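Since the model is a prediction, treat every value here as computed from it, not as a measurement. Residues take their numbers from the sequence shown, with the count starting at 1.
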Amino acid sequence: VQLQASGGGLVQDGGSLRLSCAASGRTFSNYVMGWFRQAPGKEREFVAAISWGGENTYVDSSVKGRFTMSRDNAKNTVYLQMNSLKPEDTAVYYCAGSAILSKDTNRWPYWGQGTLVTVSS
């Protein structure tokens with residue numbers, strides 16, 4: 001499956017952004033989808049994931065209550081709604097696809113190219 005992330009940009013502290021990830025290729029609805037992020041000088045980390053049908057979502061404690069993940073299988077797209085953004089949320093955000101849910105980046109075989117989110121203080 002090929003993934004294309006978009007929606008990043010520059011936003012002020014406390015602002016909002018919505019990231020999108022469009023999928024093509026294999027059957028999108030067969031995959032768990034996730035969002036990860038990588039800040040400068042840091043390792044890539046798990047942000048959120050959503051089950052095949054969208055019934056279950058999982059978010060990291062660092063973004064819980066601020067970020068929400070959703071998917072539209074008819075459009076082959078997943079979204080990450082990010083509210084109350086903080087400077088520490090600044091990172092390149094990547095969408096990913098996998099047959100299973102895991103916080104381990106090595107368990108995700110499909111990756112988008114990343115979209116940069118910058119939160120200014």
Side-chain angles (χ1 to χ4, degrees):
V1 60
Q2 290 78 46
L3 303 174
Q4 180 77 31
S6 62
L10 175 64
V11 64
Q12 290 188 333
D13 190 356
S16 298
L17 280 176
R18 188 177 81 155
L19 305 183
S20 300
C21 176
S24 61
R26 300 187 181 187
T27 304
F28 173 73
S29 59
N30 288 347
Y31 293 92
V32 175
M33 297 298 296
W35 285 99
F36 292 75
R37 66 186 180 185
Q38 187 166 17
K42 295 187 176 181
E43 293 188 351
R44 195 170 298 189
E45 63 180 12
F46 172 82
V47 175
I50 191 166
S51 59
W52 302 273
E55 301 90 353
N56 299 303
T57 58
Y58 311 87
V59 295
D60 186 76
S61 58
S62 63
V63 303
K64 193 170 185 179
R66 301 188 297 122
F67 291 11
T68 303
M69 187 172 182
S70 61
R71 71 189 295 165
D72 185 338
N73 285 345
K75 296 182 178 179
N76 287 354
T77 302
V78 294
Y79 305 95
L80 184 68
Q81 178 65 44
M82 306 186 295
N83 299 327
S84 302
L85 282 161
K86 305 174 182 180
E88 51 263 43
D89 294 319
T90 295
V92 176
Y93 283 71
Y94 298 88
C95 60
S98 176
I100 61 172
L101 173 64
S102 173
K103 292 186 176 183
D104 182 352
T105 57
N106 293 316
R107 305 299 292 271
W108 296 76
Y110 305 106
W111 291 88
Q113 85 289 0
T115 185
L116 176 62
V117 172
T118 303
V119 184
S120 63
S121 57

For this session: Only counting residues at least two apart or in another chain, list the ones meeting ring-ring contact (aromatic ring centres under 6.0 Å, His included) with Y110.
Result: Y31
Quick one: does [X]'s side chain get under 4.5 Å of [Y]'s, heavy atoms only?
X   : Y   : answer
Y93 : M82 : yes
Y79 : M69 : no
Y94 : L3  : no
T90 : E88 : no
L80 : R18 : no

Exercise. Can you pull the disulfide bond (SG atoms under 2.5 Å apart) pairs that have at least one residue in residues 3-103, sequence neighbours excluded?
Worked result: C21-C95
For this session: Can you run down the disulfide bond (SG atoms under 2.5 Å apart) pairs that involve residues 34-88, sequence neighbours left out, and say none if there aren't any?
Result: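 Counting only pairs at least two positions apart or across chains, no disulfide bond (SG atoms under 2.5 Å apart) contact touches residues 34-88.
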Exercise. Are W35 and V1 connected in the hydrophobic side-chain network, where two residues link if heavy atoms are under 4.5 Å apart?
Worked result: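 Yes, W35 connects to V1 through the hydrophobic network.
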Exercise. Going hydrophobic residue to hydrophobic residue with side-chain gaps under 4.5 angstrom, can you get from V63 over to V32?
Worked result: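 No, V63 does not connect to V32 through the hydrophobic network.
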For this session: Enumerate the residue pairs fulfilling side-chain hydrogen bond (donor to acceptor under 3.5 Å, both in side chains) with a member in residues 63-74, sequence neighbours excluded, ordered by first and then second residue.
Result: R66-D89, R71-N73
Problem set entry | Qualifying side-chain hydrogen bond (donor to acceptor under 3.5 Å, both in side chains) pairs with a residue from residues 5-17, counting only residues at least two apart or across chains |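 Qualifying pairs: S16-N83.
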Less than 3.5 Å apart, which donor and acceptor atoms pair up between the side chains of residues 111-121 and the rest of the protein, not counting sequence neighbours?
| unit_1 | atom_1 | unit_2 | atom_2 | d |
| --- | --- | --- | --- | --- |
| W111 | NE1 | W108 | O | 2.7 |
| Q113 | OE1 | A5 | N | 3.2 |
| Q113 | NE2 | A5 | O | 2.8 |
| T115 | OG1 | G8 | N | 3.0 |

Exercise. What residues, two or more places apart in sequence or in another chain, satisfy side-chain hydrogen bond (donor to acceptor under 3.5 Å, both in side chains) together with Q4?
Worked result: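 Q4 satisfies side-chain hydrogen bond (donor to acceptor under 3.5 Å, both in side chains) with no other residue.
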Exercise. So M33 and F28, side chain to side chain contact (heavy atoms under 4.5 Å, CB included) or not? Walk me through it.
Worked result: CA-CA 9 Å; M33 297 298 296; F28 173 73; 3.8 Å; yes
For this session: Kindly give the heavy-atom pair with the smallest separation between W52 and S29, and that separation in Å.
Result: CB-O, 3.3 Å
With sequence neighbours excluded, residues passing side-chain contact (heavy atoms from CB on, under 4.5 Å) with [X]:
X    : answer
N30  : T27
D104 : S102, N106, R107
S51  : E55, N56

For this session: Please answer whether the main-chain N or O of D60 pairs with a side-chain N or O of S62 as donor and acceptor at a distance below 3.5 Å.
Result: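 Side chain of S62 to backbone of D60, a donor-acceptor pair under 3.5 Å: no, none is there.
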Problem set entry | F67 CZ to L19 CG distance, which is reported to the nearest 0.5 Å |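 One finds 8.0 Å between CZ of F67 and CG of L19.
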Solution key, residues 41-49 side-chain donor-acceptor pairs under 3.5 Å, sequence neighbours excluded:
| unit_1 | atom_1 | unit_2 | atom_2 | d |
| --- | --- | --- | --- | --- |
| R44 | NE | Q38 | OE1 | 3.4 |
| E45 | OE2 | R37 | NE | 2.7 |
| E45 | OE2 | R37 | NH2 | 3.4 |

Exercise. Who else is in I100's hydrophobic cluster (ILVMFWY, side-chain heavy atoms under 4.5 Å, direct or via others)?
Worked result: none
